Amino acid sequence: MKKIYIVLAILFCSMSIQAQEGYVPTKENLEAREWFEDAGFGMFIHWGVSSTLCDGEWVMNSKKIKAKDYVRLINFFDPVDFDAATWVSMAKNAGMKYITFTTRHHDSFSNWNTQQSDWKITNTRYGKDVLKLLAEECKKQDIKLFCYYSTLDWMRPDYQWETGRTGQDAGREGKSDWNSYINFMKSQLTEILTQYGPIAGIWFDGHWDQTADKNRTDKTANVDWHYDDIYSLIHRLQPQCLIGNNHHLPPFAGEDFQMFERDLPGENSSGYSGQAVSKLPLETCETMNGSWGFNLKDDRYKSSSEMIHLLVRAAGYGANLLLNVGPMPNGKIQDEFASRLSEIGLWTQKYGHTVYGTRGGFLQPQTWGAITKKDNTYYIHILKKEGEQLQITLPAAVKTAKWLNVDGKLSWKQDKKTKETVFDLNGNMDQVSSIIELTLK
């Protein structure tokens with residue numbers, strides 16, 4: 001009997017990672033992938049009823065708040081200062097090409113007028129469908145809209161909470177109903193993809209709650225996520241819609257881009273991003289302070305220069321940067337975020353072309369900086385001057401080389417045989433990124 005249980009367990013785990021097997025992306029999807037790779041820069045928005053507690057989006061779990069108490073927040077969430085035009089304009093002026101908005105986070109609160117749950121923003125005193133307002137404004141300002149969607153749920157009793165690694169203090173009792181939960185997710189995703197116009201992508205998060213390995217490196221899971229059905233549904237309703245899943249594993253069949261949380265591709269300083277880098281379009285997401293959702297006490301703000309460096313380094317790996325803001329409970333994006341986005345925008349207005357539409361250069365990012373490539377033109381970003389010269393081996397002979405933003409003529413010499421090239425880093429270097437524009441023969 002024990003052997004039978006073991007065999008069944010192995011079969012169940014193998015089923016749990018099946019995705020859209022045999023998936024062949026459509027022409028619209030491939031075009032969307034190319035657009036995504038060219039976009040370079042997006043805004044992540046973590047926001048919802050959790051913001052009222054001013055302690056990040058994980059507050060329900062971290063403070064061990066029971067569901068019966070947490071639902072009272074619907075009476076206090078009243079974002080009267082929310083203005084979609086302001087949010088979208090802020091992203092656009094910073095040089096961002098898309099917005100990824102939390103339609104539903106782990107606390108199950110829905111930021112649209114879903115018919116699948118009463119736990120939603122249209123049942124607050126505010127009463128408006130924020131996703132609808134945001135979708136309309138994104139269309140107006142030509143910003144693409146991605147929807148973050150949590151596969152994990154701390155509130156619903158049908159979610160298989162018994163085997164989850166989080167949400168164990170919500171006070172749920174009785175047996176879950178996994179099929180009911182899967183149908184709930186499918187119904188919500190259908191609403192998003194049929195009622196709010198073109199959706200550029202679905203950004204899934206929460207798979208790791210049901211993995212056996214707390215370090216998020218084990219491919220097996222406690223549940224069958226029905227990704228085959230879910231991914232097929234998305235691609236059928238909107239073929240161009242890109243699917244990404246923050247499972248911290250190599251991409252599953254049916255996924256169209258790969259994301260890395262708080263890390264650049266191939267790096268793993270955060271402990272979340274040890275997965276192998278795929279050939280799919282890449283994205284790295286990061287916060288502007290230390291929190292995703294609004295946190296009143298978090299003043300660990302990164303400087304605009306630090307975030308520009310992150311944007312450039314991401315581009316050097318051929319990845320987009322998805323930079324997060326956590327609006328306040330009144331719906332306003334706090335001044336510290338707004339001012340930094342404005343400063344980043346001043347840089348992208350001048351030098352965004354060295355990031356947009358580029359791919360990673362012939363050398364991966366180094367301690368001194370990063371290289372991006374567009375056709376036969378390379379942009380060498382020197383982010384940290386480590387000496388009076390920069391010595392690198394180029395893939396071909398130099399045709400032209402000049403400074404983009406440093407006064408004076410660029411001096412360089414190249415070994416004709418080895419293509420080893422030395423650039424002199426004299427003069428007044430730019431405080432953010434000194435950029436060499438290089439064309440090769």
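Quantities reported herein were computed from a predicted structural model and do not represent experimental measurements.
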Q. Do D205 and S150 have side-chain N/O donor and acceptor atoms under 3.5 Å apart?
A. no
Between H106 and the options Y149, Y159, W208, W292, the ring-ring contact (aromatic ring centres under 6.0 Å, His included) test singles out W208
Checklist entry - Going through the distances and angles, do K120 and N113 end up as a side chain to side chain donor-acceptor pair (under 3.5 Å)? => result CA-CA 7 Å; K120 58 184 178 179; N113 189 30; 3.1 Å; yes
Of all heavy-atom pairs linking F184 and S117, the shortest is CE1-CB, 4.4 Å
Q.
Does M96 form a side-chain contact (heavy atoms from CB on, under 4.5 Å) with I143? I'd like the steps, not just the answer.
A. CA-CA 8 Å; M96 294 160 162; I143 294 290; 5.8 Å; no
Sub-4.5 Å side-chain heavy-atom contact between Y98 and L145
no
message = Can you confirm whether the side chains of R165 and T211 place a donor and an acceptor under 3.5 Å from each other?
response = yes
side-chain contact (heavy atoms from CB on, under 4.5 Å) test vs K302 passes for just one of L323, L310, T287, N289, namely T287
Exercise. Do Y126 and N330 have side-chain atoms, one donor and one acceptor, less than 3.5 Å apart?
Worked result: no
- Task: Using distance alone, with no hydrogens and no angle criterion, decide if D209 and T166 have a side-chain donor and acceptor under 3.5 Å apart.
- Result: yes
Checklist entry - Does a donor on one side chain sit under 3.5 Å from an acceptor on the other, for Y196 and D129? => result yes
Q. Do we see a donor-acceptor contact under 3.5 Å between the side chains of D256 and Y23?
A. yes
Check: Does any donor atom in the side chain of Y227 or H207 lie under 3.5 Å from an acceptor atom in the other side chain?
Finding: yes
### Task
Verify whether one side chain among Q391 and E420 offers a donor that lies under 3.5 Å from an acceptor in the other.
yes
(request) Verify whether one side chain among Y301 and Q334 offers a donor that lies under 3.5 Å from an acceptor in the other. (result) yes
Is a side-chain donor-acceptor pair under 3.5 Å present for S291 with D298? yes
Heavy atoms, side chains only, cut-off 4.5 Å: are I436 and L404 in contact? no
**Request:** Could you give me the CA-CA distance, side-chain angles and deciding distance for F146 and F36, then say whether ring pair (Phe, Tyr, Trp, His ring centres under 6.0 Å) is met?
**Result:** CA-CA 11 Å; F146 286 63; F36 184 74; 5.7 Å; yes
What one should report as the nearest heavy-atom pair of Q414 and V398 is OE1-N, 3.1 Å
* Asked: Would Q188 and S110 count as having a side-chain donor-acceptor pair, cut-off 3.5 Å?
  -> yes
